[in-house]
Amino acid sequence: MSNSTDALTVTDNRTGTSYEIPITDDTIRATDLRQIKVQESDFGMMTYDPAFMNTASCRSAITFLDGDLGILRYRGYPIEQLAESSNFLEVGSLLLKGELPNQADYGAWVEDIKAHQFVHENLRQFFRGFRHDAHPMLMTMSAMAALGTLYQDFDIESPESQYEQIVRIIAKIPTLGAWAYRVSNGMPLVYPDNDRGYTENFLVMLNQSGSRPYEPDPRLVRALDVLFILHADHEQNCSTSAVRSVGSSQVDPYSAVTAGLAALYGPLHGGANEAVLKMLRRIGTADNIPAFIEGVKEGKERLMGFGHRVYKNFDPRATIIKKACDEVFEVTGVNPLLSIAVELEKIALEDEYFVKRKLYPNVDFYSGLIYEAMGLPAEMFTVLFAIGRTPGWVAQWHEMINDKEQKISRPRQIYVGPGERDYVDIASR
Ligand code: CMC
């Protein structure tokens, strides 16, 4: 990254005119190209970048990612150090506020979160309206939107009001996720236990049953906490861009986070962990791997949990998750699908198709195996990803709404449809 201000000289061969386009941080501003015109009445030059492959949509101080070197840092702290020594709520505070909290600030932050874990009783009724086979991610998404109906006094100009909604969203999403799970299983909806840690409370809300009190193994609590840390932010990924884009209309953060949940649900994004498990089950035994790989190479399907838009060497989160697998399996016993996953990874990493395209296991390749070993069904995996990603979404939303440069997101298009034509009456068509 360079901080020098320099310039690009562009010559438009249509007119022979040269333009000086300033460079800042190795980037030019797309709007600076608008001065490039053939005639004064033209709109001016645009850039075409359909999936934002090479377009920075914001300036952000939250997460740094270098895909070639496999680096991921939150506010400058390497993901490996945070996964080793921090915890999810501390990481949430770091993402939001920019610095690691001192003891007093951390205590106050945790108390704020705990104070908001309960959700309004009306939401219980709301959950009861879903059919038993509703996908837990869709229930969580709908419930997040419904949550917004309870806090319509949100004031976007007030820092206190912004903070209050952020705390509510981080605090309540495990309750919504756990309730979605319990509705799927026909279980009564339980209340959060404010005396327990954030991740521990979530595991208890999932598994608690009246007759059999549930005490989660601390090693499982720690493993899930680490998984949440690894998912907490990933700069301008699809769901975070959705949160920023929708939030740029100055809508309330519940609606913006609902947009993030919708984006995350897709199989190419957070839905990939569920898709990996289904893929491993379908492959069934190691003998079927070569035929499966051939199908992928022929373009019949994708090897889910492989490849990344930005990481082209390795995904540092996948390396940490692979280690966490061993710790979890010590408690739960080895997931029988692990051997298929390991063999699949080995074959794919040696295969010319994957090597040439720089396709490596991503965060979703092994996380599903851990979730399954914890006894969770595949439909819940993306909900777990969502709980982990929530501090990132709200931190990015907070940064965006307080960024004076931010305007409503509104891309341009290249119109390729018909020119003007006259309406023809239906009887004459
Ligand atoms: N299996 C087989 N081929 C693949 C895969 C895959 N998983 N991923 C990419 N390719 C091929 C693709 O067909 C293309 O080949 P060709 O150049 O011959 O057309 C080439 O690699 C480049 O792919 P792309 O689709 O242009 O890459 P992208 O940056 O647009 O997509 C991706 C990134 C993550 C959507 C993609 O790699 C993918 O679909 N992976 C599987 C789904 C998955 O695991 N998603 C989780 C991503 S990490 C967590 C998250 O963000 O939620």
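As the structure lists them, so they are numbered: ligands from 1, and atoms in each ligand from 1. We use all heavy atoms of the structure for the numbers below, so side chains are in, but hydrogens, waters and symmetry mates are not.
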Tell me: protein heavy atom nearest atom 52 (O) of ligand 1, and distance? His269 ND1, 2.6 Å

Please list, in number order, the atoms of ligand 1 under 4.0 Å from a heavy atom of Leu268. 39 (O), 45 (N), 46 (C), 47 (C)

Within the 4.0 Å heavy-atom shell around Val363, which atoms of ligand 1 are there? 49 (C)

Acceptor/donor pairs from residues 369-382 side chains to any protein atom, 3.5 angstrom cut, sequence neighbours excluded:
from   : atom 1 : to     : atom 2 : distance (Å)
Glu372 : OE1    : Asn335 : ND2    : 2.9
Glu372 : OE2    : Arg281 : NH2    : 2.2
Thr382 : OG1    : Gly270 : O      : 3.2
Thr382 : OG1    : Asn273 : OD1    : 3.4

In ligand 1, which numbered atoms sit nearer than 4.0 Å to a non-hydrogen atom of Leu303? 1 (N), 2 (C), 6 (C), 7 (N)

Atoms of ligand 1 close to Arg309 [distance to a heavy atom under 4.0 angstrom, numbered from 1]: 28 (P), 29 (O), 30 (O), 33 (C)

Min N/O separation Gly305 to ligand 1 under 3.5 Å: yes

With a 4.0 Å heavy-atom cut-off (strictly under), which part of Val276 contacts ligand 1: side chain, backbone, both or neither? neither

What is the distance from atom OH of Tyr74 to atom CD1 of Ile229, rounded to the nearest 0.5 Å? 8.0 Å

Is the shortest N/O to N/O distance between Ala272 and ligand 1 below 3.5 Å? no

Do you see a protein non-hydrogen atom under 4.0 Å from atom 48 (S) of ligand 1? yes

Distance-only criterion, 3.5 Å: show the donor-acceptor pairs between side-chain atoms of residues 402-409 and protein atoms not counting sequence neighbours.
from   : atom 1 : to     : atom 2 : distance (Å)
Asn402 : ND2    : Gln162 : OE1    : 3.1
Asn402 : ND2    : His398 : O      : 2.7
Asn402 : ND2    : His398 : NE2    : 3.4
Asp403 : OD1    : Glu405 : N      : 2.8
Glu405 : OE2    : Arg29  : NH2    : 2.6
Ser409 : OG     : Ser248 : OG     : 3.4

If you draw the axis of the six-membered ring of Trp179, does the NZ or CZ of Arg124 fall within 45° of it and under 6.0 Å from the ring centre? yes

Give a yes or no on whether atom 22 (C) of ligand 1 lies under 4.0 Å from any heavy atom of the protein. no

Tell me: protein heavy atom nearest atom 32 (C) of ligand 1, and distance? Arg302 NH1, 4.3 Å

Taking atom types as modelled and ignoring hydrogens, do the side chains of His135 and Glu274 form a donor-acceptor contact shorter than 3.5 angstrom? yes

If you measure only the distance, is there a donor-acceptor pair under 3.5 Å linking the side chains of Asn237 and Arg389? yes

Can you find an N/O atom of Phe385 closer than 3.5 Å to an N/O atom of ligand 1? no

Can you check atom 26 (O) of ligand 1: any protein non-hydrogen atom closer than 4.0 Å? no

